[in-house]
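Below you'll find the structure, written out as structure tokens, and then a few comments.
As the structure is a prediction and not an experimental result, all values here were calculated from the model. Per chain, numbering begins at 1; letters A, B, ... match sequence-line order.
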Protein chains: 2
Amino acid sequence: MNAPNFSAAHLKVACSNCNLRELCLPVGMALSDLEKVEAIVANGRRVKRGEHLFRAGDRFENLYALRLGFLKSTVTSSDGREQVTGFHMAGELVGLDGISSDAHSCDVVALEDAEVCVIPYPRLEEVASAVPVLRNHLHKVMSREIVREHGVMLLLGSMMAEERLSAFLLNLSQRFEARGYSRSEFVLRMTRAEMGSFLGLKLETVSRVLSRFAQDGLLEVNQKHVRIVDPDGLRNVVSGQATCPPN
Amino acid sequence: MNAPNFSAAHLKVACSNCNLRELCLPVGMALSDLEKVEAIVANGRRVKRGEHLFRAGDRFENLYALRLGFLKSTVTSSDGREQVTGFHMAGELVGLDGISSDAHSCDVVALEDAEVCVIPYPRLEEVASAVPVLRNHLHKVMSREIVREHGVMLLLGSMMAEERLSAFLLNLSQRFEARGYSRSEFVLRMTRAEMGSFLGLKLETVSRVLSRFAQDGLLEVNQKHVRIVDPDGLRNVVSGQATCPPN
DNA sequence: CGTTTCGTTGAAGAGTGTCAAGGCCAGTGG
DNA sequence: CCACTGGCCTTGACACTCTTCAACGAAACG
């Protein structure tokens with residue numbers, strides 16, 4: 001743990017000129033309100049690849065805004081089975097699970113070196129109560145998480161392996177695009193096993209389906225590097241349609 | 001639609017002497033704060049079996065506290081597949097999905113005649129901002145929903161049919177008990193197909209597993225009526241343990 | 001450069017889905 | 001009161017998807 005102070009200093013927060021602001025905070029927020037937020041957001045925290053941001057059972061104190069890097073969150077059943085519940089990219093808020101019981105109920109791990117803004121929750125609640133636009137935003141973020149999970153339930157409950165993978169890749173693609181990266185070419189930060197866990201499949205199945213997609217000309221796959229060749233083809237897979245042209 | 005006025009009058013809300021208060025509102029709430037809540041909670045609304053409380057796409061205006069009855073919520077994919085995302089019992093809050101986008105993203109349907117308290121969301125936000133204990137409660141309810149869905153993802157992503165059904169029945173049992181009903185004997189308000197949709201199984205599989213449980217002496221099943229004979233046996237099924245005693 | 005982790009692929013098997021037939025039950029109308 | 005109807009549930013046989021087990025290859029790491 002060398003030079004934590006340096007690291008902390010380096011990560012001084014400045015929402016006002018953070019390029020993730022529009023992902024993380026409501027648009028059109030008054031400068032004066034922005035300052036209130038900056039005032040409570042502690043310095044950032046670095047999480048190295050493989051390290052935990054927090055664990056299930058940890059006391060809940062902060063929300064975290066992901067500034068840089070890539071995270072996964074997982075839940076573990078009493079008998080030890082692990083389920084990936086989500087992957088997180090820059091601009092997303094993690095830790096909402098902790099609000100319900102003052103303790104976290106899932107683990108969050110960095111899949112690549114990450115930096116987060118630490119947001120003490122009690123103080124966020126205070127500010128949010130006083131700043132309607134922030135309060136609304138916070139509620140929307142939580143609600144959006146609920147809706148997202150509905151989508152995952154649909155995926156897990158009623159789709160075949162190919163549809164799941166296809167929906168997953170399209171979702172990643174869209175999120176990369178929203179962050180200014182290529183929507184057709186990106187690197188999968190997670191392993192096949194982690195994808196499989198998230199999608200309710202075994203890693204071998206994930207691998208096989210990716211190979212099949214590549215063979216069908218939908219993707220180019222090179223280990224973790226993926227290029228989407230035929231996005232419409234992928235969308236057809238999700239819709240349960242055959243890859244062949246409509247009759 | 002006979003006598004809507006009568007119906008509305010009959011359903012006048014009175015949180016202060018509602019026996020669901022401890023499920024629905026924070027404990028130890030000051031009487032003065034309770035009055036603020038009562039002031040915004042509109043008269044109740046009845047939803048007959050089979051009718052919608054709201055539909056995906058409906059403008060989001062209210063949250064609903066379920067006073068009486070049994071609801072299901074479902075999401076539908078673009079190609080028409082329907083997934084049950086939850087079943088709701090008295091004291092639970094529904095409609096949180098709508099906050100994210102000012103429109104609902106799921107359908108909620110009554111599985112038996114129901115009554116809900118209608119809570120205009122904008123006014124709830126105002127009151128919640130002013131009443132910390134209510135604000136905290138609202139946030140906890142949303143967070144709890146997120147955590148609940150994590151559990152469903154675990155179920156859908158990593159459990160076998162028998163484990164899913166077993167976990168589902170135990171969950172229902174617990175919720176009935178929390179409401180003062182028998183934890184061992186209850187009526188399933190949903191069809192086999194609806195259970196299957198929620199659990200990511202086909203109705204035939206649900207039926208078969210229930211029969212198997214009955215044959216193994218874990219349950220007595222009579223159509224929609226279920227009696228849990230061996231709760232520990234059911235718990236062992238969820239843990240992935242065999243039904244036989246531990247070695 | 002060995003070691004480890006991760007990924008790919010094949011063959012065989014288990015668990016669910018699909019299809020089909022029939023039973024049970026509540027509601028309806030004769 | 002009874003037959004009829006339609007929705008729901010159960011059960012069997014079979015097909016299919018996905019998992020399991022296993023071997024090997026490729027990349028990452030110290």
Side-chain angles (χ1 to χ4, degrees), chain A residues 48-51 70 72 81-84 109-113 155-166 168-169 187-216 219-226 237 240 242-243, chain B residues 48-50 70 72 81-84 109 111-113 155-166 168-169 187-216 219-226 237 240 242-243:
Chain A
K48 290 221 193 91
R49 184 187 140 121
E51 288 180 354
F70 202 91
K72 71 166 176 181
R81 269 175 293 204
E82 188 177 292
Q83 170 76 25
V84 173
V109 179
L111 296 182
E112 65 179 9
D113 292 2
L155 183 146
L156 290 170
S158 68
M159 289 189 180
M160 315 242 62
E162 296 196 347
E163 301 172 311
R164 296 184 197 190
L165 228 351
S166 173
F168 175 67
L169 291 171
V187 173
L188 301 168
R189 300 297 176 178
M190 72 295 289
T191 66
R192 302 288 190 263
E194 287 161 337
M195 274 189 264
S197 170
F198 180 63
L199 298 173
L201 302 169
K202 293 298 162 187
L203 67 94
E204 294 94 330
T205 306
V206 172
S207 181
R208 270 185 254 273
V209 172
L210 286 178
S211 301
R212 210 177 307 155
F213 282 173
Q215 202 173 341
D216 295 351
L219 299 177
E220 285 172 15
V221 183
N222 231 298
Q223 301 290 121
K224 296 204 189 287
H225 186 272
V226 170
V237 173
T243 321
Chain B
K48 289 221 194 92
R49 183 185 139 121
F70 202 91
K72 70 166 176 181
R81 268 176 293 205
E82 188 177 292
Q83 170 76 26
V84 173
V109 180
L111 296 183
E112 64 178 11
D113 293 1
L155 182 147
L156 290 172
S158 67
M159 289 187 179
M160 315 244 64
E162 296 195 347
E163 301 172 310
R164 296 185 197 192
L165 228 350
S166 171
F168 175 68
L169 292 171
V187 174
L188 300 169
R189 299 298 175 176
M190 73 294 290
T191 66
R192 301 288 191 260
E194 285 161 338
M195 273 189 263
S197 170
F198 180 64
L199 298 173
L201 301 169
K202 294 297 162 188
L203 69 94
E204 293 94 333
T205 305
V206 172
S207 180
R208 270 186 256 273
V209 172
L210 287 178
S211 300
R212 210 177 308 155
F213 282 173
Q215 202 172 341
D216 295 352
L219 299 178
E220 284 172 16
V221 183
N222 232 300
Q223 301 291 119
K224 297 203 188 285
H225 186 271
V226 170
V237 172
T243 321

>> Within this structure, what is the CD-CZ distance for the pair A:Glu162 and A:Arg208, rounded to the nearest 0.5 Å?
In response: 12.5 Å
> With a non-hydrogen cut-off below 4.0 angstrom, is B:Thr191 in contact with a base, only sugar-phosphate, or nothing?
Replying inline: sugar-phosphate
> Under 4.0 angstrom, heavy atoms only, what part of the nucleic acid is A:Gly196 near: base, sugar-phosphate, or nothing?
Replying inline: nothing
> Where do B:Leu156 and B:Phe198 come nearest, in terms of heavy atoms and distance?
Replying inline: CD2-O, 3.6 Å
> How far does CG of B:Leu155 sit from CD of B:Glu163, to the nearest 0.5 angstrom?
Replying inline: 8.5 Å
> In whole angstrom, what separates B:Arg212's CZ from D:dG12's P?
Replying inline: 12 Å
>> Expressed as a whole number of angstroms, how long is the span from A:Glu162:CD to D:dC16:P?
In response: 15 Å
> Does the B:Arg189 side chain pair with the main chain of B:Glu112, one donor and one acceptor, at a distance under 3.5 Å?
Replying inline: no
>> Using heavy-atom distances to pick each residue's nearest nucleotide on DNA chain D, tell me which of A:Val206 and B:Met195 is more 5'.
In response: B:Met195
> Taking the side chain from A:Ser197 and the backbone from A:Ala193, do they hold a donor-acceptor pair closer than 3.5 Å?
Replying inline: no
>> What range of DNA chain C does chain A touch, first nucleotide to last, counting atoms under 4.0 Å from its heavy atoms?
In response: C:dC6 to C:dA11
> Between B:Val209 and B:Glu204, which is nearer to the 5' end of DNA chain C once each is assigned its nearest nucleotide?
Replying inline: B:Val209
>> So if I take every side-chain heavy atom of B:Arg208 and compare against D:dT10, D:dA13, D:dT17, which nucleotide ends up nearest?
In response: D:dA13
> Whole-Å distance between D:dA27 C1' and A:Arg189 CZ?
Replying inline: 16 Å
>> I want to check one thing: is the phosphate of D:dT20, taken as OP1 and OP2, less than 4.0 Å away from some side-chain N or O of A:Lys202?
In response: yes
> Per the side-chain contact (heavy atoms from CB on, under 4.5 Å) rule, which among B:Val221, B:Val226, B:Leu111 passes with B:Leu188?
Replying inline: B:Val226
>> Any base atoms under 4.0 Å from A:Leu201, or only sugar-phosphate, or nothing? Heavy atoms, all strands.
In response: sugar-phosphate
>> Just the rounded figure in Å: distance from P of D:dC16 to CE of A:Met159.
In response: 23 Å
> Between D:dT11 and B:Ser211, is there an OP1 or OP2 to side-chain N/O distance shorter than 4.0 Å?
Replying inline: yes
> Rounded to whole angstroms, how far apart are CE on B:Met160 and P on D:dT17?
Replying inline: 17 Å
> What do the steps show when you test B:Thr205 against B:Leu165 for side chain to side chain contact (heavy atoms under 4.5 Å, CB included), and what is the final call?
Replying inline: CA-CA 10 Å; B:Thr205 305; B:Leu165 228 350; over 6 Å; no
